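Comments concern the structure below.
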Amino acid sequence: MLWLSPIYPSPQDDNGYDISDYQGVDPVFGTLPEFDALLTEVHRRGMRLVMDLVVNHTSDKHPWFTESRSAVDSPQRDWYWWRPARDGFEVGTPGAEPTNWVSLFSGSAWQLDDATGEYYLHLFSRTQPDLNWENAQVRQAVYTMMRWWLDRGVDGFRMDVINFISKDVALPDGPRLPDGLLGDGSSSYISGPRVHEFLQEMHREVFAEHAERLLVVGEMPRVTVEDAVLFTDPARGEVDMVFQFEHVGLDHGLSKWDHRPLRLTDLKASLGRWQAALAEKGWNSLYWNNHDQPRVVSRFGDDGRYRVESAKLLGTVLHLHRGTPYVYQGEELGMTNAPFQAIDDYRDIESLNHYAYEIGVRRTPPDQVLAALWVKSRDNARTPVQWDPSAHAGFTTGTPWIPVNPNRTEINAAAATADPSSVWHHYRRLIKLRHHEPVVAVGDFTMLLPDDERVYAFIRRLEDVALLVVANFSPAKADAAVPDAAEWAVSELVLGNYPDVVEGLRLRPWEARIYRRTLAS
Ligand code: TEU
């Protein structure tokens with residue numbers, strides 16, 4: 001299946017996550033007939049296509065918002081969250097915002113609109129006003145639009161921040177953030193009071209009649225594992241799987257910009273807990289990368305000497321978990337973070353707002369802010385796909401919208417497809433294995449060695465077939481001290497990331513292996 005990030009008409013303030021028309025294609029990407037042709041060709045190849053659906057908010061240029069902001073008595077006023085200044089405060093003065101909530105993209109989550117003297121809520125940028133899902137007309141308008149895409153033949157949706165759509169209507173202030181300026185309102189909107197009700201309604205109104213052929217993924221920052229079970233239990237009719245963020249938050253300190261190195265034991269504890277919790281009911285999404293995360297080989301692997309080995313190791317570990325694996329463009333080439341030196345290289349609104357806030361409000365030295373962007377900026381994953389070694393990596397003959405990674409000369413699709421030992425060929429082998437070995441798709445999962453800081457190890461089992469996965473997340477040799485190591489070491493090696501196998505279960509730097517045994521039942 002192919003998942004497209006938003007391709008709808010948009011001012012592109014947040015790379016298309018600010019939509020001004022839900023039923024069209026932005027000219028930067030093409031036309032609706034071209035989209036239809038893409039869909040036909042995808043289907044002809046036995047593949048399917050999933051659209052990004054961004055309905056927690058619209059662009060401030062969407063006609064719904066233009067109408068809503070036009071007057072306090074607009075019939076669509078209630079489609080968004082409008083509130084007067086806080087009691088006892090004069091409009092526009094500091095602290096007059098209706099709540100103390102911080103926006104996910106820095107600063108207050110409220111924007112004053114001079115025309116009517118009221119504030120509107122925007123959990124993301126001020127050009128992304130939040131829709132008011134309490135209003136039944138809003139919900140119906142969204143469902144109508146979704147049916148329009150399904151009638152066109154699309155195979156489902158990846159629903160952006162869909163666990164933010166229900167807010168506590170009392171809009172209480174949140175606990176103060178460590179910097180003392182704003183508050184964290186997330187307990188009022190993360191998996192809010194009516195979110196399950198809204199998703200069940202959406203399921204009845206939109207998905208039910210096509211349920212068999214659709215894939216519905218709920219992107220849900222900060223969803224708990226307990227809630228994920230509810231969201232994905234097929235009997236409840238909500239979504240097929242959630243896209244959760246716990247494991248990609250393990251190297252965050254007080255905020256994502258505050259980097260702390262990953263501890264492998266934390267990663268195992270987190271992914272292992274999700275595997276266990278969704279073993280009976282519900283389903284997992286498996287991913288290292290998307291358009292919001294730094295490149296995994298730079299983040300959890302080694303993008304220098306062991307780039308190829310560690311990229312393959314990461315793919316092996318992820319694809320052998322139980323759940324649906326996602327491959328983000330370029331990950332299969334082992335693409336790395338962007339070596340951006342200056343703020344001018346960045347395009348991402350989250351990064352730019354963070355920079356402006358740190359420099360302007362908190363007086364943080366620019367070098368310090370750039371160092372944080374270097375590690376965590378979303379633009380690390382947004383540089384053009386490296387097709388070939390040419391100047392713009394085969395992405396365009398024009399001027400790319402963001403600099404191409406100079407390592408295009410070495411890391412590119414042309415080189416990877418030509419080299420049987422590339423990361424790309426390894427990903428193909430992993431995908432093939434899932435298609436041919438039922439234990440990969442549906443077997444049980446058992447984590448081993450939870451306290452080992454270097455070796456990630458687990459067993460998959462289906463009836464009498466068992467797979468052992470062992471992976472050394474370090475540049476030194478490491479023993480995989482798993483139970484029955486001697487038996488495993490002489491069993492069938494299904495796949496590894498070194499050309500040969502040596503020394504029993506002693507793993508070389510960033511080595512990963514998959515073994516297979518048939519057990520007496
Ligand atoms: O992201 C939701 C989200 O909360 C995060 O993953 C976000 O990227 C944040 O920056 C993490 O620090 C989704 C989209 O995937 C993202 O691209 C959009 O910017 C965002 O929603 C708003 O639509």
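When a ligand or atom number is given, it counts from 1 through the structure's own listing order. As the structure is a computational prediction, the values presented were derived from the model and not from experiment.
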| request: Just do the side chain to side chain contact (heavy atoms under 4.5 Å, CB included) check on Asn412 and Trp387 with the steps written out, would you? | output: CA-CA 5 Å; Asn412 60 69; Trp387 295 104; over 6 Å; no
| task | Go through Tyr346 and Tyr355 one step at a time and tell me if the ring-ring contact (aromatic ring centres under 6.0 Å, His included) criterion holds. | result | CA-CA 10 Å; Tyr346 290 92; Tyr355 184 86; 8.4 Å; no
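Closest heavy-atom approach to atom 2 (C) of ligand 1 among the candidates Asn15, Asp52, Val161: Val161. Of the listed options Ser351, Ser377, Pro221, Gly249, Pro221 places a heavy atom closest to atom 4 (O) of ligand 1. Comparing heavy-atom distances from atom 10 (O) of ligand 1 across His57, Glu350, Arg382 singles out Glu350 as nearest.
The contact set between ligand 1 and Phe245, taken as ligand atoms under 4.0 Å from a residue heavy atom, comprises 6 (O). Atoms of ligand 1 found under 4.0 Å from any heavy atom of Lys256 (numbered from 1 in listed order, with element): 11 (C), 12 (O). Those atoms of ligand 1 that come under 4.0 Å of a heavy atom in Leu104, given as number and element, are 4 (O). Atoms of ligand 1 lying under 4.0 Å from at least one heavy atom of Asp292, given by number and element, are 1 (O), 6 (O), 8 (O), 13 (C), 14 (C), 15 (O), 16 (C), 17 (O).
Contact annotation for His252 and ligand 1: no heavy atom of the residue comes within less than 4.0 Å of the ligand. When heavy-atom distances to ligand 1 are checked against a 4.0 Å cut-off, Gln293 has no atom that comes that close, whether in backbone or side chain.
Nearest protein heavy-atom neighbour of atom 13 (C) of ligand 1: Asp160 OD1, 2.8 Å. In this structure, atom 20 (C) of ligand 1 lies nearest to the protein heavy atom Phe124 CE2, 3.7 Å. Taking atom 7 (C) of ligand 1 as the reference point, the nearest protein heavy-atom neighbour is Arg378 NH1, 3.9 Å. Distance from atom 19 (O) of ligand 1 to its nearest protein heavy atom, with residue and atom name: Asp14 OD2, 2.5 Å.
Looking at residues two or more places apart in sequence or on another chain, you find no salt bridge (Lys or Arg N to Asp or Glu O under 4.0 Å) involving Arg347.
Cation-pi geometry between Arg147 and Trp149 is not met: the NZ or CZ atom fails to fall both under 6.0 Å from the ring centre and inside 45° of the normal. At least one test fails for Arg83 against the ring of Trp110: distance under 6.0 Å to the centre or angle within 45° of the axis.
Residues Met159 and Glu219 are not in side-chain contact: their nearest non-hydrogen atoms beyond the backbone lie 4.5 Å or more apart. For the pair Pro221 and Asn163, the minimum side-chain heavy-atom distance is below 4.5 Å.
Between Phe124 and the options Trp101, Tyr189, Phe105, a ring-ring contact (aromatic ring centres under 6.0 Å, His included) holds for only Phe105.
Panel note: side chain His57, backbone Asp18; no donor-acceptor pair is recorded below 3.5 Å.
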